[in-house]
Amino acid sequence: MKKNYFLLLSISTLLLLSSMSIHAQRYMEKLNRGAHAVRVNSNEVLISWRILGPEYTDGATYNLYKSGTLIASNLSVSNYIDNTTLNSNYTVSAVINGTEGTQSASTNIWTNFYNTIPLSPPTGGTTPDGVDYTYAANDASVGDLDGDGDYEIVLKWSPSNAKDNAHSGHTGNTILEGLEFDGTSLWRIDLGINIRSGAHYTQFMVYDLDGDGKAEVACKTADGTKDGNNNIIGSAAADYRNSAGYVLSGPEFLTVFNGETGAALTTINYTPARGNVSDWGDNYGNRVDRFLACIAYLDGTEPSLVMCRGYYTRTVLVAYDYRNGQLTQRWNFDTGNGSHPYRGQGNHNLAVGDVDGDGKDEIMYGACAIDDDGTGLYTTGYGHGDAGHLTDIDPDSPGLEYYMPHETANGSTRPGMSIRNAGTGSILWEVPANGDIGRGLTMDADINHRGYEVWSSDGSGLHDKDGNVITTTIPKNTGGGNSYNFCVWWDGDVQREILDRTVINKWNPSNYGSDRLVSLYNIESASSNNGTKSTPTLVADVMGDWREEILMRNADSSKLVIFTTNKVTNQRMYTLMHDPVYRLSIAWQNVAYNQPPHLGFYFGGGMDTPPNPNIKMNGEKSLSANAFANNNEIDIDWKVSGIEIQQQELMRNTSLDTEGSISLANITPGTTTYKDNTVSTGTTYYYWVKITDTQGELYNSNITSTAIFPFSSIVIQENEAGFCGVDGTIDTNNEGYTGAGFANTSNTFGSGIDWSVSVPSSGTYVLKWRYANGGTSDRNGNVIVNGTNVTSAPFPSTGNWTTWELNNNSTVSVNLSQGVNKIRLVATSPDGLGNIDQLEIEGGTPSVAGCNGEMLSTPSLTEISKLFITPNPIRAGEIFKVSLPKNAKQMSIVNMQGQVIYQKALYGQAAMELNHMLPPGIYIINVKNEVGNVQAKLFVR
């Protein structure tokens, strides 16, 4: 049977699609129905199941069977009460477009709303300083380790002498264990003596990193780490512990383990490396070993692993892709040790989500945000904190918000807590305070107020989404203490419940009190983790419908206790695990100071219908291909998911018609790339991949086109069409430049230069800069194409500022897409870039483009897109001149918090002088004219 996995589009359709914001589907784990039954009382059984993300989009309904007999049909919600005194088994099937699918695996009935998972704690020992230790179950994560559609658990065993980094003393080893939900142990990984134990040392990521349908486990390792097959990584005899128990020397590794067996799959040197211990803020080993980690979809389609080090001073994040059994570095964000605006802004946790609407994930790193390309998105400058929450707090404000209490509140420049637009960094509201505001929480607790409520340990009370104080009384936990730590969707409404210190409470808006729902500590001696943080082992939607389960250890760690709701709900909702922000929250929940998971949209009182998740589940049968022209050859690559390949063949034609196509090659199964060097210049080619699976079924990829084109080049000078601005000045004070001058960036990290270019066909192009660097050190840059950090460009010293060089260690090759491309060169040195005289682009007939993305037939639009500031940087109070674009209508000055601090109507003047008393910082000069907004950065010292 032939299955065509492609769609031929007409030229008009292609043009329409190119003008729309369309994001690729994300690959996520393929889950089964997760059907679950729990006895509510002697006469009722609650059965619940997952609505999967893709079928939610299709408007599926559900049929419920008891012991093979249909008892309910066309159910729109994913739970049902069966009035019965008998214990039976239940199955569920989805009905989509009138067709009933396969019934799920059957589920038996839990006799209570909780169950236990037996554990066998590891054997303790004695450290070199003579301290005996035992083990307790600590944080956990979940993933489908064996590809069966159910979750398994990865549990961290923590020794009783685990240490916060600030405290000296030896610790026992940290141990990770893979577990089935019936308690079956799959493997144990012993991280060894060269990984210290404590909340800040081991951040373990559990996720399907390569899309094979089975989750991997990734974490920092060292000499002596023992994998799940008892194989030693590095040297078994190495011991780098000093007399205080810190590990401040010796190699550091990053290992990806097989989630099913625990076997080490690949190990590389850990980056970010420790380097000099004192580079991180002290010299005894505290701040150098502050680690965070997360999973993020940095390309919008497939997951990347991000490992982080430092947040008090120096901050480094490094992104990796795990593909074909190998880890490949995607980018490295490093504030270094100089004056960098992102230094010292991190939390003891992080959050991940697409906050700027481009389909790719950003990382909320405390008071700053890192873009998907590894560059800084923004920083508030509010410094370090202990808690943070990314979600849609205010459904009436565009995008997501980020809520953060601040550890160094000072009553003036640093608030006690703040709510910001997560995409722009603009502060929506804040509450002043003094001191260490260490705790805070947000959720929809009060049905009488639209949006999420917010509170913290600053004593200011319970706030609504706009910052108004509802009451000075805040939610309570056991014993009447204030509750800031966790939350859970437990009962049938969309308000969230308060989880803290092993109790579940519900906010009562009628009396501003907290009503007890469940005392978990009365059940199987359930206990919380991590001291005063009082966090559960895990909160996640791991079975049944969209409500969350709670995992806790018992007092002696002989079992895990899993709690699930026994309440009915009328809310239709897909599994929370198919919302990307929530699923990534589960991956990072175990990191350092655990924070509760949140959704990537508003889910609460007065909400809209939940959005359709734009996802594709791993294991679904799919086949897609891409082709890129590269001078005299074409590179083709393709992605296969869920198809057991028997034979694959690459086809080519010079038209969209498959008739008359030729077979280029039979490709060995497992190979997904091909280089076609049998092409002619000036010809457009169409490729597709034809696969036969082991059952004899035929699959065709989408047809993808590319072209081989004539080779030519263009040169873009500053202040000409295609040049879109510099974070700095256009200067003429150094001889030897060409054109009207040269671009001189500000002496700071992240300052850059922008160009816009159009190419007729996707392919590889060569970029060359003519530059001068009279300094003694390199002034290198990152090359960002269409928002993605693709490579780096070195600019070594040329000896002096009047010696200009072209194509001397500064030539790079990049892939440009057909149409307009934005190119940005960003300084990675605190000294900025070298002076840039011109950009030369070599490839297939490139041309300049407008800085607002428009195609240019002539360079005549330069004058309506120019905006230059001189001098720049300035000192506070210094007069500066703004050269304005043509037909300027309005100018505003915006600070890095998004606040407009100066605005003036313009009447077409060409320039204006300002002496606005701006305090030191970075500002955006924004000018509106008939073609849109033109922006430039102003640096005030």
Side-chain angles (χ1 to χ4, degrees), residues 136-143 153-158 162-165 174 176 197-207 219 290-295 306 308 311 346-353 363-366 384-391 402-405 407 438-443 456-457 477 483-489 496-504 520 526-542 548-553 557 560-563 576 581-599:
N138 190 250
D139 300 331
S141 190
V142 291
I153 302 167
V154 176
L155 176 67
K156 182 172 80 171
W157 288 98
S158 185
K163 305 290 183 183
D164 183 272
N165 301 46
T174 296
L176 302 178
S197 292
H200 302 289
Y201 295 98
T202 294
Q203 322 303 344
F204 60 100
M205 292 292 101
V206 182
Y207 212 84
C219 67
R290 297 284 179 156
F291 298 101
L292 301 175
C294 64
I295 304 296
V306 183
C308 318
Y311 36 77
N347 272 9
H348 290 301
N349 42 70
L350 39 62
V352 180
I363 300 167
M364 297 295 105
Y365 207 79
H384 168 70
D386 284 0
H389 304 270
L390 174 68
T391 187
Y402 186 75
Y403 163 51
M404 178 179 170
E407 186 171 295
R439 306 290 174 84
L441 193 60
T442 184
M443 66 183 196
S456 78
S457 56
N477 56 46
S483 180
Y484 313 102
N485 289 336
F486 249 71
C487 47
V488 61
W489 275 293
R496 215 167 183 186
E497 284 65 59
I498 305 148
L499 172 63
D500 201 355
R501 300 179 188 272
T502 63
V503 299
I504 303 175
L520 302 175
S527 302
S528 59
N529 287 334
N530 304 316
T532 60
K533 305 299 186 294
S534 300
T535 52
T537 295
L538 182 72
V539 168
D541 177 16
V542 297
E548 294 171 296
E549 281 67 47
I550 304 167
L551 271 73
M552 289 185 168
R553 63 180 176 89
S557 292
L560 290 176
V561 189
I562 179 170
F563 300 93
L576 305 187
V581 170
Y582 184 91
R583 181 63 186 92
L584 297 178
S585 299
I586 302 307
W588 55 246
Q589 188 180 138
N590 69 78
V591 170
Y593 290 177
N594 304 13
Q595 300 294 290
H598 293 289
L599 288 164

Participant: Let me confirm one number: the CG-CG distance from D139 to L551, rounded to the nearest 0.5 Å.
Facilitator: 11.5 Å
Participant: Can you find a heavy atom in the side chain of L584 that is under 4.5 Å from one in the side chain of Y207?
Facilitator: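 SC-SC contact between L584 and Y207 confirmed.
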Participant: Using a 4.5 Å cut-off on heavy atoms from C-beta on, say whether the side chain of V488 contacts that of F563.
Facilitator: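 A side-chain contact is absent here, since even the closest heavy-atom pair is not under 4.5 Å.
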Participant: Spell out, as yes or no, whether a donor-acceptor pair under 3.5 Å connects the side chain of S197 to the backbone of T174.
Facilitator: yes
Participant: Rounded to the nearest 0.5 Å, what's the gap from CG on L441 to OG on S457? Could you check?
Facilitator: 11.5 Å
Participant: Have S483 and D500 got a donor and an acceptor in their side chains that come within less than 3.5 Å?
Facilitator: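 The answer is yes; a qualifying pair exists.
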Participant: Can you give me the closest heavy-atom contact between A592 and Q203, atom names plus distance?
Facilitator: N-OE1, 3.1 Å
Participant: Hey, is the main chain of N594 close enough, under 3.5 Å, to the side chain of N349 for a donor-acceptor pair?
Facilitator: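 Such a contact is absent between N349 side chain and N594 backbone.
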Participant: Contact between M443 and I498 at the side-chain level, heavy atoms closer than 4.5 Å - yes or no?
Facilitator: yes
Participant: Enter the distance from C219:SG to M205:CE here, rounded to the nearest 0.5 Å.
Facilitator: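 Here the interatomic distance stands at 9.5 Å.
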Participant: Quick one, N477 with Y484, criterion side-chain contact (heavy atoms from CB on, under 4.5 Å). Give me CA distance, side-chain angles, the key distance, then yes/no.
Facilitator: CA-CA 9 Å; N477 56 46; Y484 313 102; over 6 Å; no
Participant: Answer whether the closest heavy-atom distance between the side chains of V352 and I295 falls below 4.5 Å.
Facilitator: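 No, too far: nothing below the 4.5 Å cut-off.
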Participant: For residues S528 and T502, is any side-chain donor paired with an opposing acceptor at under 3.5 Å?
Facilitator: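 Side-chain D/A pair, S528 to T502: absent.
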Participant: Which heavy atom of A137 sits nearest a heavy atom of S557, and at what distance?
Facilitator: N-OG, 2.9 Å
Participant: Heavy atoms, side chains only, cut-off 4.5 Å: are V542 and I153 in contact?
Facilitator: no
Participant: Rounded to the nearest 0.5 Å, what separates atom CG in L390 from atom NE2 in H598?
Facilitator: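 That separation rounds to 8.5 Å.
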Participant: Any donor and acceptor pair, going by atom type alone, linking the side chain of Y582 with main-chain N or O of D541 inside 3.5 Å?
Facilitator: yes
Participant: Does N485 reach the main-chain N or O of R501 with its side chain, forming a donor-acceptor pair under 3.5 Å?
Facilitator: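 Not a single qualifying donor-acceptor pair exists.
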Participant: Between D164 and R290, does any NZ, NE, NH1 or NH2 come within less than 4.0 Å of an OD or OE carboxylate oxygen?
Facilitator: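 Salt bridge between R290 and D164, a charged N being under 4.0 Å from a carboxylate O: yes.
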Participant: Do I550 and F486 have side-chain heavy atoms sitting under 4.5 Å apart?
Facilitator: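 No. Closest side-chain heavy atoms not under 4.5 Å.
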Participant: Donor-acceptor pair, N590 side chain versus A140 backbone, under 3.5 Å?
Facilitator: no
Participant: Taking the side chain as everything from C-beta on, heavy atoms only, tell me whether N529 gets closer than 4.5 Å to R553.
Facilitator: yes
Participant: First locate atom CE of M552, then atom CG of L520, and finally report the distance between them rounded to the nearest 0.5 Å.
Facilitator: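 It comes to 5.0 Å.
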Participant: If we only count heavy atoms from C-beta on, is the V142 to I586 side-chain gap below 4.5 Å?
Facilitator: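 They are in contact (side-chain heavy atoms under 4.5 Å apart), so the answer is yes.
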Participant: For the residue pair R496 and C487, what are the closest heavy atoms and their distance?
Facilitator: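 Looking at all heavy atoms of both residues, the closest pair is NH1-SG, 3.5 Å.
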Participant: List the atom of A351, the atom of W588, and the distance in Å for their closest heavy-atom pair.
Facilitator: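 Result for this residue pair: CA-NE1, 3.7 Å.
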Participant: Classify the ring geometry between H200 and Y593 as parallel (under 30°), tilted (30 to 60°) or perpendicular (over 60°).
Facilitator: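 Judged by the thresholds at 30° and 60°, the geometry between H200 and Y593 is tilted.
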Participant: Identify the two heavy atoms, one from G353 and one from V581, that lie closest to each other, and give their separation to 0.1 Å.
Facilitator: CA-CG2, 4.0 Å
Participant: Heavy atoms only: give me the nearest I363-L350 pair and the separation to one decimal.
Facilitator: CG2-CD2, 4.3 Å
Participant: Look at the side chain of Q589 and the backbone N and O of V539, then say whether any donor-acceptor pair between them is shorter than 3.5 Å.
Facilitator: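 Yes, because the side chain of Q589 sits within donor-acceptor range (under 3.5 Å) of the backbone of V539.
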